[in-house]
Amino acid sequence: MDNELLEKAQAIISDRRHKALSENEMRINEINQRIPQIKEINDTLFNTGRDLIRLISEAKGSDVSAKVEEIKRNNLGAQAMARQLLTANGYPEDYLDIHYTCKKCNDTGYCRYSFCDCLRKVIGKLSADELNREAQLELSSFDTFRLSYYHGDDYYTMERIYNYTRRYAEQFTPNSESILMFGKTGLGKTHLSLAIANAVLQKGYSVIYDSVINLLRIVENEHFSRDHSSEMIDMLMNTELLIMDDLGTEYVSTFYSSTVYNIINTRLNRRKPTIISTNLDFKGISGRYDERVVSRLTSTYTCLEFVGDDVRLQMKLNNSANK
């Protein structure tokens with residue numbers, strides 16, 4: 001694992017913890033001013049805690065269990081009273097609790113001396129952001145997609161696809177369905193997949209976006225390197241949304257074909273959404289990939305066929321005419 005990414009992730013988790021503690025301190029000060037009875041209860045709880053420590057240290061082998069249980073009962077009663085006062089004054093009963101982002105590790109990043117899932121998630125997002133740096137995701141959005149380039153029945157087909165992909169991005173969760181976008185070049189597949197990536201990233205999810213050939217080359221280089229690294233393939237399997245552009249442009253090889261199948265199959269088994277775009281039609285996909293890949297794409301992915309005339313060519317002609 002990249003030490004620089006780990007340090008950045010740890011800093012993010014640490015900032016979350018400091019923020020949670022700071023906000024808790026502000027809420028305590030607020031309640032102390034507005035509901036003095038609760039401050040008195042908390043002061044009593046603090047003092048009984050010190051009494052408990054002193055009682056245990058001075059016990060010298062004598063049985064203090066009865067006194068300890070009595071103190072515990074009194075403390076629980078005092079805590080219940082404080083919560084009742086909070087709700088009576090219009091506050092949630094857990095208002096004075098520390099609200100950590102991750103309740104599993106209390107924003108430390110570690111559970112039983114190993115990385116917590118929240119830390120792994122931050123590392124994954126940072127890694128994906130690093131990978132996406134060259135993708136220029138911000139250049140494509142749903143607002144810049146123009147349906148005016150489509151005509152007749154093609155317009156209504158593309159309108160349905162546009163509405164579907166926009167709704168998909170707005171309602172995205174890590175368990176959303178997978179999508180296959182197919183059709184001739186220049187019909188908006190890349191634009192809408194980038195728009196989805198941009199929207200999902202803004203919601204705070206980890207996204208990896210790149211062409212199939214670029215991703216496979218990185219996986220190949222790591223696999224056959226001296227270290228036999230699996231960092232990239234692990235990222236592809238675990239990112240919350242994987243978008244692979246231009247399926248079918250990669251070289252034909254046993255390693256690439258098996259890797260494509262492995263990515264598709266593993267992410268389906270883990271219920272992680274994948275978006276794949278290709279210029280191939282179903283016949284072209286069937287002719288290039290084995291039936292396992294074809295079966296998973298056609299039976300488990302939502303298939304969106306892009307139609308119309310090459311938008312990029314239309315835009316080029318319009319720009320030339322306007323000069």
Side-chain angles (χ1 to χ4, degrees), residues 135 137 139-203 205 207-213 215 236 239-250 260-261 263-265 267-268 271-289 291-315:
L137 299 181
L139 297 183
S140 293
S141 69
F142 290 104
D143 292 338
T144 58
F145 189 82
R146 296 288 176 262
L147 286 168
S148 57
Y149 288 106
Y150 305 91
H151 310 284
D153 291 340
D154 293 342
Y155 175 90
Y156 297 106
T157 298
M158 293 306 301
E159 183 182 41
R160 286 195 297 272
I161 289 176
Y162 171 81
N163 290 334
Y164 173 84
T165 53
R166 184 158 199 160
R167 187 167 59 252
Y168 179 92
E170 291 171 350
Q171 300 176 356
F172 179 84
T173 73
N175 301 119
S176 290
E177 58 195 1
S178 294
I179 300 174
L180 174 66
M181 300 179 177
F182 69 100
K184 295 179 181 179
T185 186
L187 298 180
K189 299 184 298 295
T190 297
H191 189 124
L192 287 181
S193 60
L194 279 169
I196 291 173
N198 194 21
V200 172
L201 280 168
Q202 290 179 19
K203 291 164 75 76
Y205 294 108
V207 178
I208 291 179
Y209 177 98
D210 209 338
S211 66
V212 172
I213 184 60
L215 295 174
L236 297 181
T239 188
E240 289 168 309
L241 176 61
L242 172 62
I243 303 179
M244 299 195 298
D245 198 20
D246 279 339
L247 180 73
T249 58
E250 73 278 8
V260 167
Y261 169 75
I263 292 170
I264 291 173
N265 189 58
R267 288 186 61 83
L268 281 174
R271 290 185 169 85
K272 290 182 175 292
T274 307
I275 296 176
I276 295 175
S277 70
T278 179
N279 295 335
L280 300 173
D281 56 16
F282 284 139
K283 184 177 180 181
I285 295 172
S286 299
R288 184 179 177 95
Y289 300 96
E291 60 182 17
R292 298 178 304 168
V293 172
V294 177
S295 173
R296 281 155 179 76
L297 290 179
T298 57
S299 65
T300 61
Y301 279 52
T302 295
C303 298
L304 304 177
E305 182 177 9
F306 283 61
V307 295
D309 299 320
D310 191 323
V311 172
R312 286 194 289 265
L313 179 59
Q314 293 183 66
M315 293 175 65

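FYI, side chains are in, hydrogens and waters are out, and symmetry mates aren't considered; it's all heavy atoms of this structure. Note that the numbering runs from 1 along the sequence shown for the chain.
Taking all atoms of both residues into account, the shortest heavy-atom contact from C303 to L297 is SG-O, 3.6 Å. When every heavy atom of I196 is checked against every heavy atom of A169, the shortest pair comes out as CA-CB, 4.2 Å. Here the closest non-hydrogen pair linking Y155 and L147 is CD1-O, 3.4 Å. Considering all non-hydrogen atoms of both residues, L187 and M158 come closest at O-CE, 3.7 Å. Summarising the geometry of K203 relative to E170, their closest heavy-atom pair is NZ-O, 3.0 Å, with the distance given to 0.1 Å. Annotation for D281 and G284: closest pair OD1-N, 2.7 Å, computed over non-hydrogen atoms.
Enclosure of atom CG in N175 by more than 12 non-hydrogen atoms of other residues, nucleotides or ligands within 6.0 angstrom is indicated. Counting non-hydrogen atoms of other residues, nucleotides and ligands closer than 6.0 Å to CG of D310 gives a total above 12. Other residues, nucleotides and ligands place more than 12 heavy atoms under 6.0 Å from the OH atom of Y164.
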- request: Starting from the C-alpha separation in whole Å, work towards a yes-or-no answer on side-chain contact (heavy atoms from CB on, under 4.5 Å) for F145 and T165.
  value: CA-CA 12 Å; F145 189 82; T165 53; over 6 Å; no

task: Begin with the C-alpha distance, continue with both residues' side-chain angles, and end with the deciding distance and a verdict on ring pair (Phe, Tyr, Trp, His ring centres under 6.0 Å) for F282 and F182.
output: CA-CA 8 Å; F282 284 139; F182 69 100; 4.7 Å; yes

- request: Could you walk me through whether T144 and H191 pass the side-chain contact (heavy atoms from CB on, under 4.5 Å) test, one step at a time?
  value: CA-CA 9 Å; T144 58; H191 189 124; 3.1 Å; yes

message: Set out, in order, the CA-CA distance, both residues' side-chain angles and the distance that settles side-chain contact (heavy atoms from CB on, under 4.5 Å) for Y150 and D309, then state yes or no.
response: CA-CA 7 Å; Y150 305 91; D309 299 320; over 6 Å; no

message: If you apply the rule side-chain contact (heavy atoms from CB on, under 4.5 Å), what do you find for M244 with I263, and how did you get there?
response: CA-CA 10 Å; M244 299 195 298; I263 292 170; 4.3 Å; yes

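For the atom pair CD1 (I276) and CG (L247), the distance works out to 5.5 Å, reported to the nearest 0.5 Å. Considering OG1 of T274 and CG of N265, their distance stands at 11.0 Å, rounded to 0.5 Å. Here E291 contributes atom CD and S286 contributes atom OG; the two are 10.0 Å apart, rounded to the nearest 0.5 Å. The CD1 atom of I285 lies 6.0 Å from the CG atom of L280; values are rounded to the nearest 0.5 Å.
Considering only heavy atoms from C-beta on, Y209 stays 4.5 Å or farther from L242 through its side chain. Looking at V293 and R288, their side chains never come closer than 4.5 Å, going by heavy atoms from C-beta outward. For the pair F172/L241, a side-chain contact is recorded, criterion being any heavy-atom separation below 4.5 Å from C-beta on. With a 4.5 Å cut-off on side-chain heavy atoms, I213 and D246 do not count as touching. Under the 4.5 Å side-chain criterion, counting only non-hydrogen atoms from C-beta, I264 is in contact with Y301. Using a 4.5 Å cut-off on side-chain heavy atoms (C-beta onward), Y156 and E159 make contact. The shortest distance between side-chain heavy atoms of Y149 and D154 does not fall below 4.5 Å. Within the 4.5 Å cutoff, side-chain heavy atoms of K189 are placed close to those of N279.
In terms of modelled atom types and a separation under 3.5 Å, the side chain of S295 and the main chain of R292 share no donor-acceptor contact. A donor-acceptor pair is defined here as one N or O able to donate and one able to accept, closer than 3.5 Å; such a pair exists between the side chain of Y168 and the backbone of E177. Judged purely by atom type and a 3.5 angstrom limit, R267 uses its side chain to pair as donor or acceptor with the backbone of L236.
Judged purely by distance below 3.5 Å, without hydrogens or angles, the side chains of S277 and D245 pair a donor atom with an acceptor atom. In this structure, a donor-acceptor pair under 3.5 Å is absent between the side chains of S141 and N198.
When each of L304, T298, T278 is checked for a side chain to side chain contact (heavy atoms under 4.5 Å, CB included) with L180, only T278 meets the rule.
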